[in-house]
Amino acid sequence: MNYRDTRAGELTREDAGRTVQLAGWAARIRDQGGVMFVDLREATGVVQVVIDPASHSQAESLRREFCISVSGEVSLRPAGSENPDLPTGEVEVVVSELHILSASQALPFQLDERADVDELVRLRYRYLDMRRSRVAANLRARSVAVAAMRRVLTEAGFLDIETPTLIKSTPEGARDVLVPSRLQLGDFYALPQSPQLFKQLLMVGGFERYFQIARCYRDEDFRSDRQLEFSQLDIEGSFWGRDDVLATIEAVMVAVARDVRGVELATPFPRLTYQEALDRYGTDKPDLRFAMEIADLSDHFAATEFNAFASALESGGVIRGLNVGAAGLSRSGLDALVDDAKQAGAAGLVWMVVEDDGSLRSPVAKFLSADEQAALMEALAGTPGDHLLIVADRARIAAEVLGRFRTRFGSPEGHDELNFLWVVDFPVFEETPGGELVAAHHPFSAPVDVEDMATSPATAIAQAYDLVLNGSELGSGSVRIHDPDVQQKVFEILGISPDEAERRFGWFVEALRYGTPPHAGFAVGIARLVSILQGEPNIREVIAFPKTQTGVDPLTGSPSPVDDHQLAELGIALRPEVQAARDEAAGSGAD
RNA sequence: GGGGGCGUGGUGAAGUCAGGAGUUCACGCCGGCCUGUCAAGCCGGAGGUCGCGGGUUCAAAUCCCGUCGUCCCCGCCA
């Protein structure tokens, strides 16, 4: 049986007079008694079909979201009854034959856009949710984006090569998702956090240009831009340096923005060094859609009488300020900022409000000299009503605290503008809140100078870079180490003992010993990119079947218990305390 | 691990601060009317253990304690 010969969304006045067969869903039914109008929706769009209930006995049983097939003549709508809001609104199909292909129960929620349905309900019935325009448009945009990526890279000579998803666990970085092995009882695979080492092996293998839409897994807590599993556009190239990578990714982003948004991005994207980004914006992923820069005030307070400032400077700290504009906060609102700053690790926060006469209102204004106040007003370009926030602390903390306030007070709503940015020259090591140095990257990124890395770890720079869009980290990459001796030395400096390095990465270092070309690469989070292009607040909106914050899929009910024999076959037993907790939860009947 | 928001017929909300009969509104659903509608309209009807458990009270959607779910954030994400 043929279901259709024409697509609903493609009908125009040119089709008037044709007899067509359509199939789709009854999106809306307007029953006038003597005549019924049904909006027939399918993947290409919507068209109105007209049914005479007297000549179609099934018409009266027709309900929303029934799947139907109709035959009939396309005709121009009577003058005055055209619908300008509908692309097919000039025509309608007068039904001569109606088939109900599949009935629908009453829906758990309405498919029109008139209410924000609870997300849990949407996810439980995701197959219905995706009939709505929001998710449908997002998944289409995602497909368009991925198609553009594949097209640009394939035309540039890149090969799409799959890498394994059951791999060796390497316990640095994020927590691994583990998969037990039946054939090697007691051993486990890990799911890849990224195809990092495999793509480097492809370079050793001589492919020179690789890409993949790679599924990755990181078992960390969820955020609006983080899921347990996610897809990255992963690329790697041989005989490449940093700028080759940036230019390639820029070309991909230009094509994606053009195809998804219809906008032309200007290239090259601006670049900031990590240090600049931190000093001026307080974060390594600044949103440059708005200015609001952090100013260093240390020099202006070199001789200050104000104790909090003086002691911060004395102990090697800095004084930095931010003008968040006329936010109109009350006294208690301003004091709440102080608590937020302390929460973020700062010793304190000084707020000042610029009065109409240009003077400063603040609990600590009386401790500052007239000259200091004037310098402050000038450095922060204060105008009446502005709120000035000042932190005196270690540079890292001052940057972080003010960076958060900058984002809170400055971020535009939505994502109409696209502001791409490269952040380059990341440090090799990062300082923890406790002041300790820890590796900022995976151990395969090349330092600018490996000797420098050993002798001055606090200031050593890596050949690593991030792509930032509207204040979100879209992805990161680096020039890789291709010299096995450098690689071993880097392991050593990072505190990985030779034994440990051999056990975990010996197979990889061995590969580097067979004429490895210099190479570099990058990875872009696809859902993050598409969610911003689509103006969505979280990545679940651009994922077909996402999980909730607790890692649950409300549709299928995963994760779930498995049969005892499945566990036995894998040599696995739940630990007694885990079993006991599960038994108790089951016994109490708690929901 | 921590902080915060939310949970009321199928859906969305009001009611919760300040306790007094499951009260209200919109949509949906079911039935009826209707030959030009298009988020159709009009009339009628059904539908809720106020997430769950405990406590306070003569009385709890409302106050208290606990718990579950969900969302946002911090930690975490080499």
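Letters go in sequence order (proteins before strands), and every chain restarts at 1.
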> Can you tell me how far C1' of B:C73 sits from CD of A:Glu400, to the nearest Å?
Replying inline: 13 Å
> Parallel, tilted or perpendicular for A:Tyr127 and A:Tyr125, by the 30°/60° rule?
Replying inline: perpendicular
> Of the nucleotides B:C76, B:U11, B:U37, which has the atom closest to the A:Arg30 side chain?
Replying inline: B:U37
> Can you find a side chain N or O atom of A:Ser224 that sits less than 4.0 Å from OP1 or OP2 on B:C73?
Replying inline: yes
> Under 4.0 Å between a side-chain N/O of A:Arg540 and OP1 or OP2 of B:C72, yes or no?
Replying inline: yes
> Quantified in whole Å, what is the C1' atom distance between nucleotide B:G1 and nucleotide B:C76?
Replying inline: 10 Å
> Choosing from B:U11, B:U70, B:G75, which nucleotide comes nearest the side chain of A:Phe109?
Replying inline: B:U11
> Should A:Arg396 and A:Glu430 count as an ion pair when the cut-off is N to O under 4.0 Å?
Replying inline: no
> Looking for any heavy atom pair under 4.0 Å, which part of the strands does A:Pro443 touch: base, sugar-phosphate only, or nothing?
Replying inline: base
> Relative to the 5' end of RNA chain B, which residue comes earlier, A:His442 or A:Ile29, by the nucleotide with the nearest heavy atom?
Replying inline: A:Ile29
> What's the CE-P distance between A:Met36 and B:A40, to the nearest Å?
Replying inline: 12 Å
> Across the strands shown, which category fits A:Ala440 at heavy-atom distances under 4.0 angstrom: base, sugar-phosphate, nothing?
Replying inline: sugar-phosphate
> Will you find, in the side chains of A:Gln534 and A:Asn138, an N or O donor that is under 3.5 Å from an N or O acceptor?
Replying inline: yes
> Taking the six-membered ring of A:Phe290, is the NZ or CZ of A:Arg406 close enough (under 6.0 Å from the centre) and on axis enough (within 45°)?
Replying inline: yes
> What is the per-nucleotide protein-contact pattern of nucleotides 26-36 of chain B, from the 5' end, where B denotes a base atom under 4.0 Å from a protein heavy atom, S denotes such proximity for sugar-phosphate atoms only, and - denotes neither?
Replying inline: -BSSSS--BBB
> Rounded to the Å, how far apart are A:Arg41 CZ and B:A39 C1'?
Replying inline: 14 Å
>> When the P atoms of B:C65 and B:U56 are compared, how many Å lie between them, rounded to an integer?
In response: 15 Å
> Does A:Arg242 come within less than 4.0 Å of A:Asp425, counting only side-chain N to carboxylate O?
Replying inline: yes
> In residues 465-491 of chain A, which residues come under 4.0 Å of RNA chain B by heavy atom?
Replying inline: none
>> Using whole Å, what does the distance between atom P of nucleotide B:A78 and atom CG of A:Asp284 come to?
In response: 12 Å
> For the pair made of CZ in A:Phe222 and C1' in B:U70, what is the distance, rounded to whole Å?
Replying inline: 13 Å
> Tell me the ring-ring contact (aromatic ring centres under 6.0 Å, His included) pairs involving residues 460-482 of chain A, sequence neighbours left out?
Replying inline: A:Tyr465-A:Phe522
> Salt bridge check: are A:Asp340 and A:Arg404 linked by an N-O gap of less than 4.0 Å?
Replying inline: no
> With a 4.0 Å cut-off, would you call A:Glu65 and A:Arg41 a salt bridge?
Replying inline: yes
> Who pairs with A:Ser478 by side-chain contact (heavy atoms from CB on, under 4.5 Å), at least two apart in sequence or on another chain?
Replying inline: A:His442, A:Ser445, A:Ala464, A:Arg480
> Ion pair present between A:Glu577 and A:Arg575, side-chain N to carboxylate O less than 4.0 angstrom?
Replying inline: yes
> Rounded to whole angstroms, how far apart are CZ on A:Arg408 and C1' on B:C72?
Replying inline: 13 Å
>> Work out how far the C1' atom of B:G15 is from that of B:U24, and round it to whole angstrom.
In response: 8 Å
> Any idea which of B:C72, B:C77, B:C38 is nearest the A:Asn538 side chain?
Replying inline: B:C72
> Do A:Asp221 and B:G75 have a side chain to base donor-acceptor pair shorter than 3.5 Å?
Replying inline: yes
> What's the shortest heavy-atom distance between A:Ile294 and A:Ala399, and which atoms?
Replying inline: CD1-O, 4.3 Å
>> Measuring only the P atom in each nucleotide, how far is B:G20 from B:A46? A whole number of Å is fine.
In response: 26 Å
>> Considering every strand and a 4.0 Å limit on heavy-atom distances, what is the contact class for A:Glu82: base, sugar-phosphate, or nothing?
In response: base
>> Could you check whether the side chain of A:Arg226 and the base of B:C77 have a donor-acceptor pair of N or O atoms closer than 3.5 Å, going by distance alone?
In response: yes
>> Regarding A:Thr170, tell me which of base, sugar-phosphate or nothing describes its non-hydrogen contacts under 4.0 Å with the strands shown.
In response: nothing
Enumerate all atom pairs, one protein N or O and one N or O from nucleotides 46-50 of chain B, separated by less than 3.5 Å.
none

> Which nucleotide in the set B:U70, B:C77, B:C76 lies at the smallest distance from any side-chain heavy atom of A:Arg223?
Replying inline: B:C76
> Between atom CD in A:Gln227 and atom C1' in B:C71, what is the gap in whole Å?
Replying inline: 13 Å
> So does A:Gln343 get a side-chain nitrogen or oxygen closer than 4.0 Å to the phosphate oxygens (OP1/OP2) of B:C74?
Replying inline: no
> If you look at every strand shown and take non-hydrogen atoms under 4.0 Å, does A:Arg404 touch a base, only sugar-phosphate, or nothing?
Replying inline: sugar-phosphate
> Can you pull the side chain to side chain donor-acceptor pair (under 3.5 Å) pairs that have at least one residue in residues 44-57 of chain A, sequence neighbours excluded?
Replying inline: A:Arg30-A:Gln48, A:Glu42-A:Thr44, A:Gln48-A:Glu92, A:Asp52-A:Ser55
> Looking for any heavy atom pair under 4.0 Å, which part of the strands does A:Arg122 touch: base, sugar-phosphate only, or nothing?
Replying inline: nothing
> For the pair made of CG in A:Asp176 and P in B:A78, what is the distance, rounded to whole Å?
Replying inline: 11 Å
> If you find the nucleotide of RNA chain B closest to A:Lys547 and the one closest to A:Pro108, which residue's nucleotide is nearer the 5' end?
Replying inline: A:Pro108
> Between A:Glu113 and A:Arg134, does at least one N-O distance fall below 4.0 Å, as a salt bridge requires?
Replying inline: no
> Would you call A:Arg126 and A:Asp129 a salt bridge, taking side-chain N to carboxylate O under 4.0 Å as the test?
Replying inline: yes
